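Worksheet for the structure shown next.
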Amino acid sequence: MLSSTDFTFASWELVVRVDHPNEEQQKDVTLRVSGDLHVGGVMLKLVEQINISQDWSDFALWWEQKHCWLLKTHWTLDKYGVQADAKLLFTPQHKMLRLRLPNLKMVRLRVSFSAVVFKAVSDICKILNIRRSEELSLLKPSGDYFKKKKKKDKNNKEPIIEDILNLESSPTASGSSVSPGLYSKTMTPIYDPINGTPASSTMTWFSDSPLTEQNCSILAFSQPPQSPEALADMYQPRSLVDKAKLNAGWLDSSRSLMEQGIQEDEQLLLRFKYYSFFDLNPKYDAVRINQLYEQARWAILLEEIDCTEEEMLIFAALQYHISKLSLSAETQDFTGESEADEIEAALSNLEVTLEGGKADSLLEDITDIPKLADNLKLFRPKKLLPKAFKQYWFIFKDTSIAYFKNKELEQGEPLEKLNLRGCEVVPDVNVAGRKFGIKLLIPVADGMNEMYLRCDHENQYAQWMAACMLASKGKTMADSSYQPEVLNILSFLRMKNRNSASQVASSLENMDMNPECFVSPRCAKKHKSKQLAARILEAHQNVAQMPLVEAKLRFIQAWQSLPEFGLTYYLVRFKGSKKDDILGVSYNRLIKIDAATGIPVTTWRFTNIKQWNVNWETRQVVIEFDQNVFTAFTCLSADCKIVHEYIGGYIFLSTRSKDQNETLDEDLFHKLTGGQD
């Protein structure tokens, strides 16, 4: 038998602060516990002592000193190491968070502060009806993001009251993991692939969704363009170092929001983190496509990615076109379409999915691999030598390109034969100057070999460019995507082709356009407003007949064709170096860039990586490549875990396939990105 004295020594007092949602101040509750009491028992005692009748299922214990959740309710206090001096908070796991979407719209919704960020983002994307949540993450904005806005506030101008879209579900205290969005385990929302509007059946299935009440227009349609003054007030990075600072705030996907110091109702940015967009389907991805278009649009306008003036005008024309179509689409009534049409479309889509392509084309792919043969000009950069192109006879077959001195020597040994699998293909085009070039960066042991091909005309360029792009992915011209890729390239070239003979729109149309809204402030300063409007309308003639969703997809494709697309920059110091460099991380490679000149120094392909890890003591990322090539660096502009997660994340995304039916191996993601051996 234990005496009361023995019991007193075996137990001790634990103070728990209760974060009650209905009361302004937190209250301390003192419990008498013992080390062998499990966490679930502590919470039971706590609720009994509070003696308030409500649903406590969403509440959990947060250990303030250790900065961690006590979520394993079967663990004892001794196993967790909780003693009398522990400061515990009994608080809801789901809290309100403000998210700035890529289209700059602010939404407020309830998010899990106890789940790892990877899972929290997945839940957020379900609410917003964005598929492929693994491509997105949460970014904590840097001080620079708000810098110009604060400067504007000092001028004592009238404060702008922002319209926040509140997506909080009505049963807020129920502890439900996510508020209901346009999402279902058994049904996927369907959109019109032409104009991106929700099908009427979708609106019926998800009639209790807060998004349905807003008619989905806020997320699926482009917002009206910002005024030139508002654009000028937004932060624009001026150098690679500035761009590196923007990427320092990515949250750790393997830890929870609470563990990373995020407060309730704090503002975070929801952004596409990984530039590897899988299975974009207009039928299901109206919101995803629109948000992706908006992220691309702001990257162009704020010069987060460089482009030529000719390309800027193409982007401006597409923005103007999308803006006009979005305004007209929002005023239409989309509920009049027949159910029969939707059922027929669904059956048709199912038929195509099940067939997976025609048998004839499949047989043709197996038995006949086409080849290209033509005269092209070649240039291989060498130091101290001028850029001079020389003509050779080229043959492209399978994934390899070979060239000969002339056509007559085709049956002999080529001067050189190069396998383009894993290479980098960059367009080098100026349509106005009749320049159709292809830049190839071919992987070797210590980096990349550079070569330039020059074509004579658009058709030749489209065929060879498409072949090079497929070869870089390990595909041949027999692949079913070759001909559509050729047509896409030709279509984009026609968009760039300025036809001065075409009739520019009427003066009335000129009047309703504010051209400075569609180009970067620096580009706007170079031209008078009327001149800029005329050039945008001239470029608009080539895209004027495009439907809304196609125009957005074309904008995304044009963004993807820019040389700097998909590069995320970090300021690093390589091992053995005495100066800082920029590390560019892309979906398929790492690039070492001179911070002063912006010129790439070395490129390493992900396909050549054998292993990578982090030395947590020295905060150094170490990467081993094929042929015993090593590189190591410390991160100066961000935590090394962020860069490590980028590399592992891209390698994880490369394992996706349509056969997975959208189920992700979350354990594999954390294994590749966690930085632990």
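Just so you know, these numbers use all the heavy atoms, side chains as well, and skip hydrogens, waters and symmetry mates. Predicted model only: the values in this text are computed from it and were never measured.
Side-chain contact check for Y275 versus Q295: some heavy-atom pair is nearer than 4.5 Å. Using a 4.5 Å heavy-atom cutoff, the side chains of I582 and D594 are not in contact. For the pair F492 and I489, the minimum side-chain heavy-atom distance is 4.5 Å or more. No side-chain heavy atom of F118 sits less than 4.5 Å from a side-chain heavy atom of V121. With a 4.5 Å cut-off on side-chain heavy atoms, C125 and L136 count as touching. Inter-residue side-chain proximity for S520 and M312 is flagged as met; some heavy-atom pair is nearer than 4.5 Å. With a 4.5 Å cut-off on side-chain heavy atoms, F394 and L453 count as touching. The shortest distance between side-chain heavy atoms of L313 and I536 falls below 4.5 Å.
In this structure, the separation between CG on L490 and CD on E485 is 10.5 Å, given to the nearest 0.5 Å. The structure places OG of S253 at 10.5 Å from CZ of F652, a figure rounded to the nearest 0.5 Å. Summarising the geometry, atom OG belonging to S222 is positioned 4.0 Å from atom CD belonging to E294; distances are rounded to the nearest 0.5 Å.
When every heavy atom of G437 is checked against every heavy atom of Y461, the shortest pair comes out as O-CE1, 3.3 Å. Across all their heavy atoms, W559 and F565 have their closest contact at O-CB, 3.4 Å. Minimum heavy-atom separation, R271 to P102: NH1-N, 3.3 Å.
Taking the salt bridge (Lys or Arg N to Asp or Glu O under 4.0 Å) definition, one finds that K592 meets it with nothing, sequence neighbours left out. By the salt bridge (Lys or Arg N to Asp or Glu O under 4.0 Å) test, D580 is found to be paired with R573, residues two or more places apart in sequence or in another chain being considered. Scored by the side chain to side chain donor-acceptor pair (under 3.5 Å) test, E134 finds R656 as partners (sequence neighbours excluded). Annotation: side chain to side chain donor-acceptor pair (under 3.5 Å) contacts of E416 (sequence neighbours excluded): R380, Y403.
Judged by a 6.0 Å distance limit and a 45° cone about the ring axis, K371 is not positioned over the six-membered ring of F396. A cation-pi arrangement, defined by a distance under 6.0 Å to the six-membered ring centre and an angle within 45 degrees of its axis, is present between R454 and F389.
Side chains of S472 and E424: no donor on one and acceptor on the other come within 3.5 Å. For the 3.5 Å distance criterion, the side chains of E410 and W393 qualify, holding a donor opposite an acceptor.
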Going through the checks in order, is the side-chain hydrogen bond (donor to acceptor under 3.5 Å, both in side chains) test met by S491 and R554? CA-CA 9 Å; S491 176; R554 197 56 59 87; 2.2 Å; yes

Assess whether salt bridge (Lys or Arg N to Asp or Glu O under 4.0 Å) is satisfied between E458 and R434, documenting all intermediate values. CA-CA 9 Å; E458 293 98 327; R434 305 301 296 165; 3.0 Å; yes

Candidate pair C635 and I642, rule side chain to side chain contact (heavy atoms under 4.5 Å, CB included), full reasoning: CA-CA 9 Å; C635 301; I642 294 177; over 6 Å; no

Quick one: do I593 and D581 satisfy side chain to side chain contact (heavy atoms under 4.5 Å, CB included)? Show the steps, please. CA-CA 6 Å; I593 303 169; D581 287 296; over 6 Å; no

Before giving the answer on salt bridge (Lys or Arg N to Asp or Glu O under 4.0 Å), spell out for D665 and K671 the whole-Å C-alpha distance, their side-chain angles and the decisive distance to 0.1 Å. CA-CA 10 Å; D665 188 345; K671 185 178 179 181; over 6 Å; no

Which is it for I609 and I647 under the side chain to side chain contact (heavy atoms under 4.5 Å, CB included) test, yes or no, and what are the steps along the way? CA-CA 10 Å; I609 292 180; I647 298 169; 4.2 Å; yes

Assess whether side chain to side chain contact (heavy atoms under 4.5 Å, CB included) is satisfied between L138 and L270, documenting all intermediate values. CA-CA 5 Å; L138 299 175; L270 179 69; 3.8 Å; yes

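No side-chain donor-acceptor contact under 3.5 Å links H644 to the backbone of G674. No donor-acceptor pair under 3.5 Å is formed between the side chain of S586 and the backbone N or O of R589. In terms of modelled atom types and a separation under 3.5 Å, the side chain of N430 and the main chain of G433 share a donor-acceptor contact. Remark: side-chain polar atoms of S577 are not paired, donor with acceptor, to backbone N or O of F574 under 3.5 angstrom. Checking side-chain atoms of R605 against main-chain N and O of C423 turns up a donor-acceptor pair under 3.5 Å. A donor-acceptor distance shorter than 3.5 angstrom exists from the side chain of R131 to the backbone of D279, with no hydrogens or angles considered. The main-chain N or O of V629 is never found under 3.5 Å from a side-chain atom of D626 such that the two would form a donor-acceptor pair. Checking side-chain atoms of Q291 against main-chain N and O of R288 turns up no donor-acceptor pair under 3.5 Å. Here the side chain of D285 pairs a donor or acceptor atom with the backbone of N281 at under 3.5 angstrom. For Q460 (side chain) and N375 (main-chain N/O), a donor-acceptor pair under 3.5 Å exists by modelled atom type.
Aromatic rings of Y392 and F404 (six-membered ring for Trp) have centroids beyond the 6.0 Å cut-off, not under it. Checked against the 6.0 Å centroid threshold, W298 and Y293 do not count as a close aromatic pair. Aromatic pair H457/F436: centroids not less than 6.0 angstrom apart. Within the 6.0 Å centre-distance limit, the rings of W604 and F625 are counted as a close aromatic pair. A centroid separation of 6.0 Å or more is found between the aromatic rings of Y587 and Y274.
Applying the salt bridge (Lys or Arg N to Asp or Glu O under 4.0 Å) test to pairs two or more places apart or on separate chains, none has a residue in residues 388-400.
When the options N419, L418, L470 are evaluated for a side-chain contact (heavy atoms from CB on, under 4.5 Å) with T399, the one that passes is N419.
Looking at K243 and E304, no side-chain N of the basic residue comes within less than 4.0 Å of a carboxylate O on the acidic one, giving no salt bridge. Salt-bridge check for K377 with D456: passed, with a basic side-chain N closer than 4.0 Å to an acidic carboxylate O. Salt-bridge check for D428 with K435: passed, with a basic side-chain N closer than 4.0 Å to an acidic carboxylate O. Note on D479 versus K473: no salt bridge recorded, every NZ/NE/NH1/NH2 to OD/OE distance being 4.0 Å or above. The pair K273-E135 does not count as a salt bridge, with every side-chain nitrogen at least 4.0 angstrom from each carboxylate oxygen.
A perpendicular orientation is assigned to the rings of Y320 and F518, their planes being inclined by more than 60° (bins at 30° and 60°).
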For residues 462-469, dump all side-chain donor-acceptor pairs below 3.5 Å to protein atoms at least two apart in sequence or in another chain.
none

